[in-house]
Each structure stands twice: as C-alpha cells, then as structure tokens.
A.B. asks: 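Quick one: structure below, then a few questions.
A quick note: this is a predicted structure, and the numbers were derived from the prediction, not measured. Heavy-atom basis, side chains included; hydrogens, waters and symmetry copies ignored. All chains are named by letter (A, B, ...) in the order of the sequence lines, taking the proteins before the strands, and each is independently numbered beginning at 1.
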2 protein chains.
Amino acid sequence: MKKTIIVFGLLILALLLLFQFSKYAVISGDLNSEIAIALIAIVFFFIGVYLNKKSLQKKTTILGEINHKKIEDLEISKREYEVLLGISEGLSNKEIGTKLFVSESTIKTHVSNLLSKLNAKRRTQALQIAKDLEII
Amino acid sequence: MKKTIIVFGLLILALLLLFQFSKYAVISGDLNSEIAIALIAIVFFFIGVYLNKKSLQKKTTILGEINHKKIEDLEISKREYEVLLGISEGLSNKEIGTKLFVSESTIKTHVSNLLSKLNAKRRTQALQIAKDLEII
DNA sequence: ATCAGACTCATACTTTAGTACCAAAACAGT
DNA sequence: ACTGTTTTGGTACTAAAGTATGAGTCTGAT
C-alpha cells in the first residue's frame, strides 16, 4: 500500500513536470504544440493501459498463477508436487511412476501423503482442492 | 473484424475533431489551453483503459466459457454431463449417485460411457480432456 | 403405435486407488 | 559425524473405479 502511494506520487510529479516542460517548450518555440499534445495523449493512453492492467491483475492472478507459498505451507515436498502434476495430467499411478522413474509403490506412498496433506479423499478431490488453493 | 475497423475509423475521426475543436477553442479564447490539454489527457486515458480491457477480454473468454457445441458433437447426454460435473467436483461415484438421486450402478454406467466418448481411460484423464475441449 | 435413444439398475469381474505399516537409502544442514 | 527429512519401495489389505452384459422404463419423434 505504501508502494502504491509512492508510485502515484511520483507519477503525478512526473506529469506536472511534463505539463510544465511542454508548456515552456511551446512558448519558447522549441516544440510544435500539436506534438506536445500528441505526447501528452500518448502518455495518458499508456497510463490508462497500465492502470487497467494493474486493476485486472488480481483477477487474472486468481485464474492462472501458482501460489508457491501455499505449497510450502502445506508441507508438500517437491516429489509430491510432481506426483500432483501427474495426477492433474490424468495419469495412473503406474504411469506417473514410469514418468518419474520410480515404482508404483512409491507413487502410492506419495499420493497417500498428498491426499492427507490436502485433506482429500480421492485424487479427483485433490485436484479440486489444489485448484482452489491455486497450487496447480 | 469489420466492426473493429468501423469502430477504429469513427474513433480516429472523433479524435481529429476533438483536436481541431480544442485548437480553435484555444485560439478564439473560449477555452483555456490547460483545460484543453486536460480533456485530451482524460480522453486518451479512457481510450487506453478501454482498449486494454478489450484485448484482455478474449483471453478471459477463452479461459472461461463452455463449448456447448462440442458437448453435442461428442454425443454426451445431459445426464452424462451432470456426472462429468460431479467428477470435476471430486466426488465419488456413490456421492454423485446420492446427489442425482440414482444408484451407484447408474453412475458407473454413465462414467463408463463418458470415458469412451471422451477417449479417456480414467476419470482424471476425462477431466483433463474435458478441460482441453472447453466443456467444463 | 412404434422405434431409437436416454436413463435406470443389477450382477459379476478385473483393474486401479488408497491405507497402514515398515524400513532402508539418499541428502541437506548443523 | 549426526540428525531429521525426503525419497524410495515392499507387503497385505480394503475400497473404489471401471468393464461387460443384459434388461426394464421412459420419452420424443416419425
């Protein structure tokens, strides 16, 4: 929040400077007034784009990014996470084992631990929960 | 696409008019030049916001809408689709049966048909394929 | 009225999934 | 070198999931 205020402050300052600069540039004849206006227009156009992107970022984050902190919080190990990804690809335990070069038994152990860490009863439920927690 | 061109054409026209208008307004002394610049800035700000929103809309649409036509193409019945939704919620066959007021056997039949229609070997794979086809 | 398609359910199996418990090797940090 | 965690994997079960087959019911369309 502090960051936001500082950024806005600097932004407004920069804009005022831009205004003043273009004003004097026009008056002193160094700059065509059309170009000055065009510059201002372009700057504000990009400010609009930027702010809009910022405000939409929260929503897109919810719909697309991985919450690495949550994975740590749940104490999900690297290997368990790889197994989770395998599940999300629709693979069987045996197929995940082949993919990760370990036995099916090992995958079963990982899956079982994963389910208890995610509080899930089934692998499909684990997927649902994992999506909710934004970890896949 | 035609629509886009027309919209852009009108937009550019409107901007040129705005430019000319503010120019003459300033020259004739009806308008303070600072206010004219501010107006242009505001207009371009909102243009930036609008275009950005438009360009992001496609992505969100792609990532969120259900392709009803595909469901028909795959000959997935209404009931089968409800079962698919149950699977995506992480429910067991028995739980889906309870939810839809039918027996577990019925759900098994639906699931089996669903899997063959989606070319999946497991329910988790069915989920993956269904997401790919944008039907869930 | 008939007929195809959808929905229902059962039985009998086979195959995966998942649990519990144990235990050894591999590793990273102190 | 010691220690705790991760990773590995096995056995022995139990519980789900999935297949195959058959069959009765219910609709909407011809």
Side-chain angles (χ1 to χ4, degrees), chain A residues 66-133 135-136, chain B residues 66-133 135-136:
Chain A
I66 289 167
N67 191 337
H68 295 284
K69 195 182 164 295
K70 204 111 207 174
I71 296 172
E72 283 176 32
D73 286 354
L74 291 166
E75 296 178 328
I76 291 172
S77 73
K78 201 197 303 174
R79 211 55 166 165
E80 285 165 352
Y81 186 68
E82 290 175 320
V83 171
L84 180 59
L85 292 181
I87 292 173
S88 77
E89 288 169 27
L91 303 177
S92 70
N93 289 335
K94 193 177 281 180
E95 287 169 340
I96 297 171
T98 304
K99 194 174 179 182
L100 301 180
F101 305 107
V102 294
S103 80
E104 191 190 345
S105 297
T106 306
I107 303 299
K108 281 191 176 189
T109 308
H110 288 322
V111 170
S112 205
N113 293 330
L114 205 49
L115 292 182
S116 73
K117 284 176 185 177
L118 287 172
N119 255 309
K121 285 180 194 128
R122 281 164 290 283
R123 48 170 61 208
T124 46
Q125 198 182 4
L127 289 179
Q128 221 265 315
I129 292 169
K131 257 160 229 150
D132 244 51
L133 298 174
I135 62 177
I136 54 172
Chain B
I66 289 167
N67 190 339
H68 295 283
K69 194 183 164 296
K70 204 111 208 175
I71 297 173
E72 283 176 34
D73 286 355
L74 292 167
E75 295 180 327
I76 291 171
S77 73
K78 201 197 303 175
R79 213 52 167 166
E80 284 165 352
Y81 187 68
E82 291 176 320
V83 171
L84 180 58
L85 291 181
I87 292 173
S88 76
E89 288 169 26
L91 303 177
S92 69
N93 289 335
K94 193 176 281 180
E95 287 168 340
I96 297 172
T98 304
K99 194 175 179 183
L100 300 180
F101 304 108
V102 294
S103 80
E104 192 190 344
S105 297
T106 307
I107 303 299
K108 282 190 175 188
T109 308
H110 288 322
V111 171
S112 206
N113 293 330
L114 205 48
L115 292 182
S116 72
K117 285 176 186 177
L118 287 172
N119 255 310
K121 284 181 194 128
R122 281 164 292 283
R123 48 169 62 208
T124 46
Q125 198 183 3
L127 288 179
Q128 221 265 316
I129 293 169
K131 256 162 229 148
D132 245 51
L133 299 174
I135 62 177
I136 53 172

A.B. asks: Would A:Lys69 and A:Glu72 pass as an ion pair if we require N to O under 4.0 Å?
C.D. replies: no
A.B. asks: Using atom CG of A:Asn93 as one end and atom P of C:dT16 as the other, report the distance to the nearest whole Å.
C.D. replies: 10 Å
A.B. asks: Mind calculating the distance between CZ (A:Phe101) and P (D:dG9) to the nearest angstrom?
C.D. replies: 12 Å
A.B. asks: When the distance from NZ of B:Lys108 to C1' of C:dC7 is rounded to whole Å, what number comes out?
C.D. replies: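 Rounding to the nearest Å, NZ of B:Lys108 and C1' of C:dC7 are 18 Å apart.
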A.B. asks: Report, as yes or no, whether the 6.0 Å neighbourhood of atom NZ on B:Lys121 holds more than 12 heavy atoms from other residues, nucleotides or ligands.
C.D. replies: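 It does not: B:Lys121 NZ has 12 such atoms or fewer within range.
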A.B. asks: Please pick, from C:dC9, C:dC7, D:dG18, the nucleotide with the shortest atom-to-atom distance to any side-chain atom of B:Lys78.
C.D. replies: C:dC7
A.B. asks: Would you find more than 12 non-hydrogen atoms of other residues, nucleotides or ligands less than 6.0 Å from A:Lys94 atom NZ?
C.D. replies: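 Open: at most 12 neighbouring heavy atoms sit under 6.0 Å from NZ of A:Lys94.
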A.B. asks: Closer than 4.0 Å, any side-chain N/O of A:His110 to the OP1 or OP2 of D:dT8?
C.D. replies: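 A:His110 to D:dT8 OP1/OP2: side-chain N or O found under 4.0 Å.
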A.B. asks: Tell me what A:Ser92 touches on the nucleic acid: a base, only sugar-phosphate, or nothing, going by heavy atoms under 4.0 Å.
C.D. replies: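 If one applies the 4.0 Å heavy-atom cut-off, A:Ser92 turns out to touch the sugar-phosphate alone, with no base involved.
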A.B. asks: Go nucleotide by nucleotide along DNA chain C from the 5' end; which of B:Glu80 and A:Ser112 gets its closest nucleotide reached first?
C.D. replies: B:Glu80
A.B. asks: Could you state the atom-to-atom distance from CG of B:Asn113 to C1' of C:dC7 in whole Å?
C.D. replies: 10 Å
A.B. asks: Kindly give the heavy-atom pair with the smallest separation between B:Thr124 and A:Ile87, and that separation in Å.
C.D. replies: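 The answer is CB-O, 3.9 Å.
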A.B. asks: What's the closest nucleotide to the side chain of A:Ser77 if the choices are D:dT7, D:dG9, C:dC7?
C.D. replies: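 Nearest listed nucleotide: D:dT7.
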A.B. asks: Please state how far atom NZ in B:Lys121 lies from atom P in C:dT14, giving the value in whole angstrom units.
C.D. replies: 21 Å
A.B. asks: Between A:Thr106 and A:Arg122, who's closer to the 5' end of DNA chain D by nearest nucleotide?
C.D. replies: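 Its nearest nucleotide being more 5', the pick is A:Thr106.
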A.B. asks: Once you apply a heavy-atom cut-off of 4.0 Å, does B:Ser105 come out as touching a base, just sugar-phosphate, or nothing?
C.D. replies: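 If one applies the 4.0 Å heavy-atom cut-off, B:Ser105 turns out to touch a base.
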A.B. asks: From CD1 of A:Ile107 over to C1' of C:dT16, roughly how many Å is that when rounded to an integer?
C.D. replies: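 Distance check: A:Ile107 CD1 to C:dT16 C1' gives 14 Å.
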A.B. asks: CD1 of B:Ile87 versus P of D:dA16: gap in Å, rounded?
C.D. replies: 16 Å
A.B. asks: Within this structure, what is the CD-to-P distance between B:Glu104 and C:dC7, rounded to whole angstrom?
C.D. replies: 19 Å
A.B. asks: Using distance alone, with no hydrogens and no angle criterion, decide if B:Thr106 and B:Thr109 have a side-chain donor and acceptor under 3.5 Å apart.
C.D. replies: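 No pair is found: no donor N or O on one side chain lies under 3.5 Å from an acceptor on the other.
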